[in-house]
Protein chains: 2
Amino acid sequence: MQFSSRFTIATHILLCIETFKDDYKVTSNLLAGSINTNPVIVRNILGLLSSAGIVEIKAGVGGASLSKSPNEITLLEIFKAVEKEESLFHFHENPNPQCPVGRTVHSVMDGKLDNIQSAMENEMAKITLKQLIEETKEQI
Amino acid sequence: MQFSSRFTIATHILLCIETFKDDYKVTSNLLAGSINTNPVIVRNILGLLSSAGIVEIKAGVGGASLSKSPNEITLLEIFKAVEKEESLFHFHENPNPQCPVGRTVHSVMDGKLDNIQSAMENEMAKITLKQLIEETKEQI
DNA sequence: GTAGTTGTAACCGTTTTTATTACAACAATA
DNA sequence: TATTGTTGTAATAAAAACGGTTACAACTAC
């Protein structure tokens, strides 16, 4: 199972907003053209980013901009804005409490699963939008 | 998006195999009773674990056993046996090559995404079935 | 031959993802 | 005020994944 492409699309959106902010009004249409998808997809993801306090969207006139500095936005924050599941892992719901293993499997595993998820999130938190923007500028 | 419960079910299966090996023939029926699911679900996951060289299954007579020592089996190995996707992340397929951001977003992000996945996998590789079995024995 | 088990195929209902069309609400401006 | 371009959202759809279930052929020990 993979994460949905909402995460990479959201990051792509933020890179565009910052890259084009001085030259274009960054609308869902412009973004959809760069990402190569439908504007409604973009508007939905922009809505999630807006709810998370990452971007601001001008109603009516249109156009999106960052709500805070790129070095304050991490990949973890973007990820959490677009993936609503708290836990990475789907634990089978009802192990048999009458079985010694079924009774204990949760308390044996839960901590380990948390550690795994934390390792992933810590790595995500290390990477800021600013880093990505700088690498993008270098490459352009 | 969450990983499927195949991962926690597979780990549960291995814990049962090791815990009950001296007292019971560990069949898909016994396992399904502990996990609280259908025996066919168990047989499919056992098949994946068998293909990965983690367990051996006796055809006809029935019963599963580990193919190697519990301290040689890590959560990463179990995970890879049951989740076939190579990459954790689903990158949107066709960013626009005529856009400066669309053209560069892959080379800017791919390395970071690899790092995130590696962080998760490294943590999974740290945890062996042996550790889980010992914690289970303590709790029983 | 019988009994118990595995491997697998064929379904089913549910959820998630991605995409699309349609349209009301909104804000700037001509 | 009417027009234009944009956003927000609803409705719909196809495809895929998941978890579950029934059914049954193949296999092995007894």
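Here is the naming used below: chain letters follow the sequence lines, and residue numbers restart at 1 for every chain. Heavy atoms only: backbone and side chains are in, while hydrogens, waters and symmetry mates are out. Keep in mind that this is a model prediction, so the values were computed, not measured.
When distances run from any side-chain atom of A/V40 to the nucleotides D/dG19, C/dA22, C/dT18, the shortest one goes to C/dA22. Listed nucleotides: D/dT9, C/dA19, C/dT5. Nearest to the side chain of B/T27: C/dT5. The listed nucleotides are D/dA10, C/dA19, D/dG19; the one nearest the side chain of B/S4 is D/dG19. Of the listed nucleotides (D/dT6, D/dA29, D/dT22), D/dA29 has the atom at the smallest distance from the side chain of B/V61. Out of D/dT21, D/dT7, C/dT21, the shortest distance to the side chain of A/S28 is found at D/dT7. Considering only the side chain of B/I41, D/dG20 comes nearest among D/dT7, D/dG5, D/dG20. Taking only side-chain atoms of A/N44, from C-beta outward, the nucleotide of C/dT6, D/dG19, D/dT9 with the closest atom is D/dT9. Each of C/dA19, D/dT7, C/dG4 was ranked by its minimum atom distance to the side chain of A/T37; first place goes to C/dA19. Distance from the side chain of B/M1 is smallest for C/dT17 among the nucleotides C/dT17, D/dG8, D/dA23. When the nucleotides C/dT17, D/dG8, C/dG7 are ranked by their closest atom to the side chain of A/E83, C/dT17 comes out on top.
Among the protein residues, B/G47 comes within range of no part of the nucleic acid, since none of its heavy atoms lies under 4.0 Å from any strand.
Straight-line distance from the CD atom of B/Q2 to the P atom of D/dA17: 17 Å, rounded to whole Å.
Along DNA chain C, the nucleotide nearest to A/R43 and the one nearest to A/A59 differ in position, and the one closer to the 5' end is contacted by A/R43. Each of A/K58 and A/I9 was assigned the nucleotide of DNA chain C with the nearest heavy atom; the assignment lying further toward the 5' end belongs to A/I9.
Shown here for A/S87 and A/Q117, the closest heavy-atom pair between the two residues is CA-OE1, 3.6 Å.
Counting only distance, with no hydrogens or angles, the side chain of A/S34 and the backbone of A/L31 share no donor-acceptor pair below 3.5 Å.
Here B/T74 contributes atom OG1 and B/N71 contributes atom CG; the two are 11.0 Å apart, rounded to the nearest 0.5 Å.
In this structure, B/E134 does not pair ionically with B/K137, as no charged nitrogen and carboxylate oxygen lie closer than 4.0 Å.
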